[in-house]
Amino acid sequence: MAAAETAKHTYVYDFAEGNKDLKDLLGGKGANLAEMTNLGLPVPPGFTITTEACQAYLATGEQPAGLAEQIDTHLAALEATRGKRLGDPADPLLVSVRSGAKFSMPGMMETVLNVGLNDESVAGLSAQAGGNDRFAWDSYRRLIQMFGKTVCEVPGEEFEHALDEAKRAKGTGNDLDLDADDLRALVGTYKKIFSKHTGREFPQDPREQLDLAIRAVFDSWNADRAVLYRRQERIPADLGTAVNVVAMVFGNLGSDSGTGVAFTRDPATGAQGIYGDYLANAQGEDVVAGIRNTVPLQELERIDKRSYDELLRIMATLEGHYRDLCDIEFTIERGKLWMLQTRVGKRTAAAAFIIAAQLVDEGIIDLDEALHRVTGAQLAQLMFPRFDLGGAPEVLAKGVGASPGAAVGKAVFDSQRAVELAKQGEPVILVRRETNPDDLPGMIAAQGILTSRGGKTSHAAVVARGMGKTCVCGADSLEVDVRGGQFTVGGHTVREGDMISVDGTTGCVYRDKVQVQPSAVVRYFEGDVTPETTEDPLVAAVHRIMSHADAARRLRVRTNADTGPDAARARRFGAEGIGLCRTEHMFLGDRRELVERLILARTDEERQAALAALLPLQRADFVEIFREMDGLPVTVRLIDPPLHEFLPPLEELAVNVAVAQARGEDAAKDEALLAAVRRMHEQNPMLGLRGVRLGLVIPGLFAMQVRAIAEAAAERARDGGDPRPEIMVPLVGAVQELETVRAEAEKIIAEVRREQSVEILIGTMIEVPRAALTAGQIAEAAQFFSFGTNDLTQMGWGFSRDDVEGAFFWRYLELGIFGISPFESIDREGVGRLVRIAVDEGRAARPGLKVGVCGEHGGDPESVHFFHEVGLDYVSCSPFRVPVARLEAGRAAVESAGSDSR
Ligand code: ADP
Ligand code: MG
Ligand code: MG
């Protein structure tokens, strides 16, 4: 019964039965071949074996019941259409067997052409081609080569070597100079190579060739390189690949035949036109293999005008149909054009914006669709400075672009040395085989990081992304000799101190210093260029799409900034206020002295005196920030970190005291500080005396800050400004904490307000799990919530970011416990659930409660979509991420509107 049911399952689809939306089942290649077939374009007939068949095969090691029969049926139909039988000695049907997963994937088996040829049918093929022996033997040697290499794992070099040998014997470098006899001899050599490596003869049975090729495609899903690639790109491991069996068409039939690739627009710049390459008298893979020189596609107009015109018509049809840039593979067989592949083409970040804007201009898509087609990640890429490649700098190696940016510095091979040189003001690039937690200081000191091992989830990659530092990893052509302080690559040696340049976007490593160019997109956001003052189509496209994102989005975007200049910059980047103004830095620098006095105060008077000295300094800071953000909300967080962070480190003090005592000098102040540091030592500072707890324990501390805020606001208002301060209390876990702080704060605000009336909101961060779970109570006392998702993640998971990111995240990513670091992108199910609960219960208790997020997640594309979904009012992120957040907030709004109406 079960067997009968599986037998009915459809595992094979004719091209005429599929369409482009069936990529899950038919893979990208199969779905698009079907789509082109149904558009009436000239696609050679064929069929697709589904990803489900592959999944079933991989699960059991055997082809699922019914598959063999379905292949028989479809093959018979294909034979009938072509009027030929597979491998028929007199007139053979030949097919290609092509892998095609939902996502294209390097490392998987690619394609075998000319399946169906053997010692007999090679003669039939020649006869059918009008006695073209050369063509027939050329096709046969290709089959043995591709079949041997991809199906039977015969080392490809051996075939290439034999081919080179044949050309050398003939005194030529060109495949085309080999005649039929040469190729027949080469087939003999190839067969020997085949049997030497496989222990069997090259299979002569056409159907066996076909079945082995299909099976090899299935198996290649689990090839090492494919597995590695999927892990890095976070492609699920269980999708499987489809297999396409396509009737062969021949580009190697003579000078009136050929093969080519084309783009409907320039994938690098988005410019419209004909972009592609053509190679006469060749089979598919020759174009990309670079064996012979291709000609620009425009030349085809001269070579075969009819086919060229038809190709242009088809390209227009495809663009109109897919409403996007397409890339295409085609073959011309004796003046007849055949389409072999199309897909929506990959493109650079700049081209993505330009093409989307162009398609809007051409009326092909609307602005919502344009917005949907670009991403925050692409925009972020465009905001990094880039290398000026005009001087064609020498590429030393290429690795994985793990964390974007353009970094230049002296190569350094150990962490300590990196720190030393950086202290002397030297830019350095830390080069390692791989990094581990011991390298952290060097990674912090370096401009960029380069490793020869590991991929996007290696320690180096994870930590560099966390720090926003440029990183290239897995540049495996580098021989890194850490002890010897050098690396070698392709005969070059780079020693410690030699300049190198690394591009974390492309993964390229250059010799020497490469000039860095500022980003045109940043200059646009800065207001240095406008679409009116530049010809750059990228600026116009970004302007257009950003304007639409701003109009579409519901989320406001604020910034995290604690200084006037940062605030001003963020405002130029489109920030609509400050979501997090930290006050910690206002206690650093020459103010440390005052903070030390505050901490060491033994009496109320001493403490009050220290606070009174800090007050005007804080007030001046706030005045400047309120001025830059005039008319926009500014959320000021009261002091958050444990106070001992403002004191010198224990070891340093201990040494100072010991030295002073040995010399008989007076060390009273250092002794007092040392005692304070010892007294304030905490086992777990992250979970210690910080945030609201400080405010409740140290009399007058929060009061001073509140007064500084209120007085600064009053001063701005007096000067005609429009300050909109919001006071935010950190680390609240219980409503009582907030109530206590709020009562004191309101008293102070009321005092100041007697002179000048400025409305000041008082709210809280939600960053302790208990706060999220009691948000209904807390909302009674809070005029707004702001999620501190960094702490909420730390406390939700029970680990501290500084300790864990370098210690074990790479392992968790490798094991798939994390798809992505929960500090990079919000953990929707866990931490996100806390956010949902707090939003719902907070708003239920206080309708209209203003809710935002001020953790770094506010600038992460995925997380922005989540915050849109849960209905936050705003996200807040670093100034540089503001445009990314604006774009993604727009995309989230457009996409959710789209899915509502669907
Ligand atoms: P890839 O995914 O590596 O591009 P393809 O399956 O597209 O692999 O095939 C490799 C090359 O062989 C391409 O140039 C393609 O156009 C060509 N090719 C595939 N099938 C056929 C066919 N039936 N007739 C002629 N050429 C083909
Ligand atoms: Mg292809
Ligand atoms: Mg916090």
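Along the sequence shown, residues carry numbers from 1. Remember, it's 1-based here, ligands and their atoms both numbered in the order they're listed. This structure is a prediction, so every number in the text was calculated from the model and none was measured.
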Participant: Give, rounded to 10 degrees, the angle between OE1 (Gln341) and OE2 (Glu329) as seen from the Mg ion (ligand 2).
Facilitator: 100°
Participant: Does atom CD of Gln204 have more than 12 heavy-atom neighbours from other groups under 6.0 Å away?
Facilitator: yes
Participant: What do we get for Val246 next to ligand 1 when only non-hydrogen atoms under 4.0 Å count, side chain, backbone, both or neither?
Facilitator: both
Participant: If hydrogens are left out, which of Ser104, Ala101, Gly46, Ala247 has an atom nearest to atom 23 (N) of ligand 1, that is, the closest non-hydrogen atom?
Facilitator: Ala247
Participant: Evaluate the ring planes of Tyr57 and Phe218, with Trp represented by its six-membered ring, and classify them as parallel (under 30°), tilted (30 to 60°) or perpendicular (over 60°).
Facilitator: tilted
Participant: What part of Asn244 sits under 4.0 Å from ligand 1 if we count only heavy atoms: the side chain, the backbone, both or neither?
Facilitator: neither
Participant: Mind checking whether Thr111 contacts ligand 1 via backbone (N, CA, C, O), side chain (CB onward), both or neither, at a 4.0 Å heavy-atom cut-off?
Facilitator: side chain
Participant: For Ser96, take its heavy atoms, then give the atoms of ligand 1 lying under 4.0 Å from any of them.
Facilitator: 19 (C), 20 (N), 21 (C), 22 (C), 23 (N)
Participant: Under 4.0 Å, heavy-atom basis, I'd like to know which part of Glu329 is in contact with ligand 1: side chain, backbone, both or neither.
Facilitator: side chain
Participant: Leu113 heavy atoms, cut-off 4.0 Å: which ligand 1 atoms fall inside?
Facilitator: 12 (O), 18 (N), 19 (C), 20 (N), 21 (C), 27 (C)
Participant: Taking N or O atoms only and a 3.5 Å limit, does Arg98 qualify as a polar contact for ligand 1?
Facilitator: yes
Participant: Among the heavy atoms of Lys29, does any lie under 4.0 Å from an atom of ligand 1?
Facilitator: yes
Participant: Counting only nitrogen or oxygen atoms and a 3.5 angstrom limit, does Gln341 reach ligand 1?
Facilitator: yes
